[in-house]
Number of protein chains: 4
Amino acid sequence: MLEELKKTVYEANMRLKNEGLVVLTWGNASAFDAESGLVVIKPSGVDYATLSPGDMVVVDLEGNVVEGRYRPSSDTPTHVAVYRAFKGVGGVVHTHSPEATAWAQACREIPCYGTTHADCFHGAVPLARFLTEEEIAADYEGNTGKAIVERFAGFDPLERPGVLVSGHGPFTWGKTAMKAVDNAVSLEEIAKMARLTEELRAHVPGREVPAYVSEKHFLRKHGPGAYYGQA
Amino acid sequence: MLEELKKTVYEANMRLKNEGLVVLTWGNASAFDAESGLVVIKPSGVDYATLSPGDMVVVDLEGNVVEGRYRPSSDTPTHVAVYRAFKGVGGVVHTHSPEATAWAQACREIPCYGTTHADCFHGAVPLARFLTEEEIAADYEGNTGKAIVERFAGFDPLERPGVLVSGHGPFTWGKTAMKAVDNAVSLEEIAKMARLTEELRAHVPGREVPAYVSEKHFLRKHGPGAYYGQA
Amino acid sequence: MLEELKKTVYEANMRLKNEGLVVLTWGNASAFDAESGLVVIKPSGVDYATLSPGDMVVVDLEGNVVEGRYRPSSDTPTHVAVYRAFKGVGGVVHTHSPEATAWAQACREIPCYGTTHADCFHGAVPLARFLTEEEIAADYEGNTGKAIVERFAGFDPLERPGVLVSGHGPFTWGKTAMKAVDNAVSLEEIAKMARLTEELRAHVPGREVPAYVSEKHFLRKHGPGAYYGQA
Amino acid sequence: MLEELKKTVYEANMRLKNEGLVVLTWGNASAFDAESGLVVIKPSGVDYATLSPGDMVVVDLEGNVVEGRYRPSSDTPTHVAVYRAFKGVGGVVHTHSPEATAWAQACREIPCYGTTHADCFHGAVPLARFLTEEEIAADYEGNTGKAIVERFAGFDPLERPGVLVSGHGPFTWGKTAMKAVDNAVSLEEIAKMARLTEELRAHVPGREVPAYVSEKHFLRKHGPGAYYGQA
């Protein structure tokens, strides 16, 4: 079932590896099939060198396995929590890419220091809080999804297509799995540029780009007035 | 039309990707044909994997499309502003390469800390100002070109073949599109070396290389007394 | 003898090179054969381009050569000291990978700043002390092994599969040679992320991730309750 | 003439590019033929993609061209000054590799912070002074060679196989051209590790590794008691 989507999810996972965002098996990509309400996701801890499209696992929106010979990614409950809450999201990606993870470990949102950031994120990259000890004991990965959703109260998730989980790392998303990978690539580059910018300013944070500059860049690429790319 | 130049511009754009200066589709190269007064430029937001020479777009010096099935780069008004103002420039490149972009986001010129810099830039790498909110609303990309030209009052643009736009990133240029790519490669390396130099000096900027050293290096490679390379 | 294990040790050494952990010939991997009590290790200072499985050297647990046309790695006495002391260890790796080596040169343990670290190491990455001048004169590499073992008093070496030797660099280990390589890759990435985390916090160390978060991540992957990967 | 050596020098130059030490055409390697007293060196400013062994230029120890259709590297007078002064040196390399160049631009010697450094350099990596304005006007590249030789008064150049030229970048050397390339690779890695070490110590320099540790490592690989590598 969902053979075409399995191929896409396989390719999205391989691209995470080929773009240099994933070390060993530290990452996973999934896609949501709106028609069937099912999710296709990478199996847990399988070597990329042996992975094939048929290894992808199909789960429902509660994370129950519907088809597949492997156990799904251990982060599956986080993925499905995002799909349940964020309408229009068709792909979710999780990595431990080093620059984004460093901001997550430093428990800092990434300020908008320039137009590269504004091209992809409308405002700072949000930071989700640490879970409590009780939340971790009860349902670690599911509650990670809840903390992400909680942080996005009042936000349009497609205008801020990613989050840093405190002490952990980034999750990104998009209309498709490939767009979620694009956003993982962008987030890693934005995170690196922001760190270098602070270094050049002698570690004085807090001087974002003027809002009218970042607004212009976001709106060049997004929304009704966008004029970047082909019609 | 301009089939040979389209091939060159295609190759210049692919080199930006292969040299690691461009992530996703964040960059563009163009060339100016002095005979016809026309510019060949990359189309906007097309994936590098599918790009071909025939996809390049021909525009006039006001940025109007003369030939091409795609919309030209959204930065086209900046490119043509550079060609209109800087005599002898035959190629322009824009990237978001991370080291140069970090200096642009930090709103700092790059001081000349050594001979690698002096081999390519005669003096500091200039910084163009932020546009005003009115300038952005009226003609963002065209006014970016104007701010670049304004910053170069009194400079020979071929002696300083690039600029950092505040809060945005680098533009470079040269006598040809390939030379503009060379200068984009050089600028990224110069930006990185300057950051590392400041880090090793405990972030005390302001100690440039003696001017007689940098002058010598610039003049080894440029002008009537140059003796680097083959006749 | 031990032809199959020689092939594995060869492949583990080549992977160190291909993963970018080894420059020139600065690294070595070995494996322990529990049945015969013998160790297979890379020869000293042989170029990776010409290395073959048959070049691997077989030594006993005192480091005496049992078979092989080459001299074994000069670090052999350290490897065998680890095998003698740490039950269950089947592979040992030594590199000078730059991020882990920088922590070793700074004489600092790596604090647990996030879940990437906790997935691999249970607690900080330990630091072994400098040897005394007498220890170096008497048996440099053997005493390096002793200092590592001394530092692990009270630790389960499979829960902390690596160490930083003061002023020198990392050693990692695991149940197999390939797992020891995985741990060398993980350690380098953890070391880099920890440095970036401190940089983003303006060099204020000492704020580790909450223990209940790191415990959860370690136990997702290790021990009786682990649920990462395939059964 | 010297066809075999031309091939070696060609391969040494290509390796500089393939090891990532050279951007564009910013580097050169040469070799000295003791029998004829001649030097083979890369031509100036020729693209690596089109370079071939037959393009190498033969010069005498004063830098005069003996054979070759191209102009030799503009740094030729520095290379020959090194061969004239340092007995036993058979290969010289110059790059603008970024980590070593940053130390040169910061006008700092590289302190010995660990055994990776001690394996290659006996003591700090020396720094040659800036030339005076008169020296630059008279014979820039020749006087650069003189400043290097002046800095090595009392040193054995084969125990410190490289130097940082203030405000410029590194030169390395060795018994052969390939060994000089090895030393360029080592110096870049040592420079990076030293910078990261200072960063982790919050930029407090001056705490080198104990001398008895670095002595041991240098003497494991060099001199009559060396036991690293094959007999």
Side-chain angles (χ1 to χ4, degrees), chain A residues 11 15 18-21 97 99 110-120 174 178-179 181-205 207-222 225-231, chain B residues 20 22-28 43-47 55 57 69-76 95-110 130-141 143-144 164-169 191-192 194-196 198-199 202-205:
Chain A
E11 282 165 4
R15 218 183 119 207
N18 295 334
E19 297 268 11
L21 297 181
S97 63
E99 298 280 352
I110 306 178
C112 180
Y113 286 137
T115 64
T116 316
H117 182 126
D119 281 335
C120 186
M178 277 303 173
K179 190 66 194 157
V181 175
D182 283 354
N183 289 332
V185 171
S186 296
L187 176 52
E188 181 66 2
E189 197 75 5
I190 289 166
K192 179 180 182 180
M193 285 178 181
R195 177 178 63 83
L196 298 180
T197 302
E198 292 196 355
E199 183 178 338
L200 289 169
R201 284 172 173 169
H203 299 280
V204 183
R207 288 192 288 164
E208 285 85 355
V209 77
Y212 64 84
V213 175
S214 52
E215 283 298 297
K216 175 66 184 178
H217 261 264
F218 185 78
L219 298 172
R220 283 211 310 176
K221 287 203 170 181
H222 305 270
Y227 56 94
Y228 178 92
Q230 305 302 323
Chain B
V22 165
V23 160
L24 302 174
T25 58
W26 306 349
N28 40 71
S44 180
V46 172
D47 191 338
D55 297 338
V57 184
R69 63 176 169 280
Y70 283 120
R71 190 187 289 181
S73 166
S74 54
D75 296 310
T76 299
T95 77
H96 290 231
S97 62
E99 298 280 352
T101 299
W103 285 88
Q105 292 190 164
C107 301
R108 293 187 56 192
E109 310 216 328
I110 307 179
F130 276 113
L131 299 186
T132 65
E133 191 155 5
E134 293 68 33
E135 288 172 316
I136 283 188
D139 177 11
Y140 174 51
E141 292 83 5
N143 284 326
T144 297
L164 305 169
V165 176
S166 289
H168 187 157
K192 179 180 181 180
R195 176 179 64 81
L196 298 180
E198 292 196 354
E199 183 178 338
H203 301 280
V204 182

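A, B, ... follow the sequence lines: proteins, then strands. Residue 1 opens every chain.
Shortest non-hydrogen contact noted between B/Tyr70 and B/Val57 is O-CG2, 3.5 Å.
Ranked by heavy-atom pairs shorter than 4.5 Å toward chain A, the options B/Thr25, B/Ile136, B/Val46, B/Val23 are led by B/Ile136. Note: B/Ser44 leads B/Ser44, B/Ala137, B/Ser73 in heavy-atom pairs under 4.5 Å with chain A.
Inter-residue side-chain proximity for B/Thr95 and B/Trp26 is flagged as unmet; no heavy-atom pair is nearer than 4.5 Å.
Every side chain to side chain contact (heavy atoms under 4.5 Å, CB included) that A/Lys192 has, sequence neighbours left out, goes to A/Glu99, A/Arg195, A/Leu196, B/Pro98. Residues meeting the salt bridge (Lys or Arg N to Asp or Glu O under 4.0 Å) test with A/Asp119, sequence neighbours left out: none.
Contacts of B/Glu141 with chain A are made by side-chain atoms alone, with heavy-atom separations under 4.5 Å and no backbone atom involved. For chain A, the nearby parts of B/Pro43 are the backbone and the side chain; heavy atoms of each come within less than 4.5 Å.
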